[in-house]
Q: 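Please see the structure below; I have some questions.
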Amino acid sequence: MEMESEPYVRLASLRQLHQAMADMNTARSLADTLQTVADGSVTALGYEMACVNLVRPDGDLVVAAFSGNSAAEALITGRVGSRESWERRLNMGEAWGDLRFIPHTEGWVLDDDDVPQWYTDGPEPRFEDEWHPSDRLFAPMYAPGVQGSGSGELLGVISVDRPRNGRHPGAWGREALQMYAFQAAIAISNARLRSNMQRALVRLEREQQALRASEESFRQAFEYAPSGMAIAEMGGDQHGRILRTNDALCRLLGRPASAMRRYSFSDLVHPEDIGTLLRTSAEGGRAELRLGRRDGTYVWVSLRNSVVADAADGPRFLLTHVEDIEERKRRELQLAHRASHDSLTGLPNSAELRSRLSARLCRRPAQADELDSLDAAYGHPAAYDVNGHGFDFASGTDSYDGFDHHVHTVAPEGERDDGTKGLAVLFCDLDGFKSINDRFGHNAGDAVLIEVARRLSRGVRDGDTVARLGGDEFVILADGLGKADAQDLAVRLRNEIIQPIRAEGRAVRVGASFGIGWAHCGMTADEVLKSADERMYVEKRSRPKQHRRAG
């Protein structure tokens, strides 16, 4: 805009100003906007040079754009002036509305501060309103919506130098520069907003790309994991319902993915493992349990649950990792069986026999001092059973374990059968076994023991225990028998044993002596076995030697 005689302003000048404002509001970036502001100050407002100083986040101002002099642009663009120095400039000189004019008569005090400056050469003014080369004119840019000197957030300062007509701007020129600075502040704020939005969009796109990559990575890891994976609902009426499974889990259970979605894990778990599953799936955890296959069999698995939230406040799911541990469980069961069973006959061994017998018995009352402490603790006479649980002898129940109550084991009294049913303990010792070992060798003896074990097992009821105590001694635990029943059982088993046994290509025979003891609470397992053993020896000595072994 040419500095014409005011108030006469050409229409072309107004058009230039309007175009400059339009250009700075349509610039594509913040840098373009700043440069457009500087260029418009020269082309539309009629100044020879213009500089845009932008407030940085730390408060100082940086020369962000320059127009009108390439040498000056190269010298000061990018340089920084302190906020303190700029505040001094905006608080001295003459206030022309929001503008600040510092005449050359005052500006000399600013020559040595840290604000980047450029001086133009020229003659001394010849008349009062002529522009001096050291005059300074600043147009502060405040945040949109705020007017009045220094009353809003300072965004930057437009610094202009040397009007083309060589005169100080009049009322119209000052108003135009102030209006231009106000519109420039709006354009800069909008450009910053667009820039922030663009950065946010770029960041969002990157996050979405990362999320998509993460989802794809999870999908790949889920689908192609070598062990079973499932996603199940958590909470609500559908807790545990399977939403998604991978191929490994479908193969493990022999069920297609479409069928798996009809089940929850509680539908697939072994009935005995329901409690374990519920404890595990409540808030995530790990457990070992059995899951049902399509063919009706069960497979041991290690099941590990992790709670996964879909969003900050969204639904939560259970990510379940299922690992096949059938082989390990099989080995563990084999080891446990070997530890509790005789390696030759496969019968329960001495330790397992005592464990099963002890499980039926509660121990005799503790010594007086121990019993007193238990009385004080539980408020009534008490003792320990074999599992270490408190036992109330007055009521005959487990006093504090919280599980099944103990049922007393009783025994028939007297020599006659009084109708009482109890736990019979039959102690069996083979007669003539040593001679078979001596004459035919240990292989023959082992074959005899194996066959005797088979015949004893075949001769008892389901639920009875046949154990090998050691050597040629066997023990049978038969619950719910009266005296006559136990004696009949001993006779039947003896008759089975004395039948010929094929060993090492020859038929051999052994006899058997049985002692019948009775288990009842107040006895230990060793006391019960000792009682049956003693009765066996009584029975063995009472029979003629020639009758102890048939053949």
Q: Testing the 3.5 Å rule here: is there a donor-acceptor pair between the side chains of Asp129 and His168?
A: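 Checked: Asp129/His168 side chains show no N/O donor-acceptor pair below 3.5 Å.
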Q: Could you check whether any side-chain heavy atom of Leu34 comes within less than 4.5 Å of a side-chain heavy atom of Asp32, counting everything from C-beta outward?
A: no
Q: Is there a donor-acceptor contact under 3.5 Å linking the side chains of Asp23 and Thr36?
A: no
Q: Checking Arg286 against Ser302: is there a side-chain donor and acceptor pair closer than 3.5 Å?
A: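 Indeed, the side chains of Ser302 and Arg286 share at least one donor-acceptor pair under 3.5 Å.
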Q: Less than 4.5 Å apart, side chain to side chain, heavy atoms only: is that true for Ile158 and Val160?
A: yes
Q: With Lys329, which of Glu327, Glu332, Glu326 fulfils salt bridge (charged side-chain N to carboxylate O under 4.0 Å, His left out)?
A: Glu332
Q: Any pair with a residue in residues 73-95 that passes ring-ring contact (aromatic ring centres under 6.0 Å, His included), sequence neighbours left out, goes on the list, sorted by first then second residue, please.
A: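 For residues 73-95, and leaving out neighbouring residues, the ring-ring contact (aromatic ring centres under 6.0 Å, His included) pairs sorted by first residue read Trp86-Phe138.
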Q: Just by distance, do the side chain of Ser85 and the backbone of Gly81 share a donor-acceptor pair under 3.5 Å?
A: no
Q: Are any of the side-chain heavy atoms of Arg194 and Arg199 separated by less than 4.5 Å?
A: no
Q: Can you find a heavy atom in the side chain of Leu54 that is under 4.5 Å from one in the side chain of Ile188?
A: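 Leu54 reaches Ile188 side chain to side chain.
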Q: Going by distance alone, is a donor N or O of one side chain under 3.5 Å from an acceptor N or O of the other, for Arg241 and Ser264?
A: no
Q: Looking at Tyr47, does the NZ or CZ of Arg162 lie under 6.0 angstrom from its six-membered ring centre and within 45 degrees of the ring axis?
A: no
Q: Do the side chains of Arg136 and Arg89 get nearer than 4.5 Å, heavy atoms only?
A: yes
Q: Surrounding NE2 of His104 (heavy atoms of other residues, nucleotides or ligands, distance under 6.0 Å), is the total greater than 12?
A: yes
Q: Is Leu319 close to Phe222 at the side-chain level, that is, under 4.5 Å between some pair of heavy atoms?
A: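 Touching, per the 4.5 Å side-chain cut-off.
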Q: Determine whether Phe265 and Asn305 make a side-chain contact, defined as any pair of heavy atoms from C-beta on separated by less than 4.5 Å.
A: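 They are not in contact (no side-chain heavy atoms under 4.5 Å apart), so the answer is no.
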Q: Quick one: closest heavy-atom pair of Thr245 and Cys250, and the distance?
A: OG1-SG, 3.4 Å
Q: Evaluate side-chain contact (heavy atoms from CB on, under 4.5 Å) for Arg304 paired with Thr320, printing each intermediate quantity in order.
A: CA-CA 6 Å; Arg304 185 170 66 252; Thr320 303; over 6 Å; no
Q: So Met21 and Tyr180, do their side chains get closer than 4.5 Å, heavy atoms only?
A: yes
Q: Taking salt bridge (charged side-chain N to carboxylate O under 4.0 Å, His left out) as the definition, give me every residue that meets it alongside Arg83, ordered by chain and number, with sequence neighbours left out.
A: Glu87
Q: Would you say Trp108 and Glu106 are linked by a side-chain donor-acceptor pair, where the criterion is simply a distance under 3.5 Å?
A: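 Their side chains do not contain a donor-acceptor pair, so the 3.5 Å distance test is not met.
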Q: Would you please say whether a donor-acceptor pair under 3.5 Å links the side chains of Gln35 and Asp39?
A: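 The criterion, which ignores hydrogens and geometry beyond distance, is satisfied for Asp39 and Gln35.
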Q: Would the number of heavy atoms belonging to other residues, nucleotides or ligands and lying under 6.0 Å from CZ of Phe218 be above 12?
A: yes
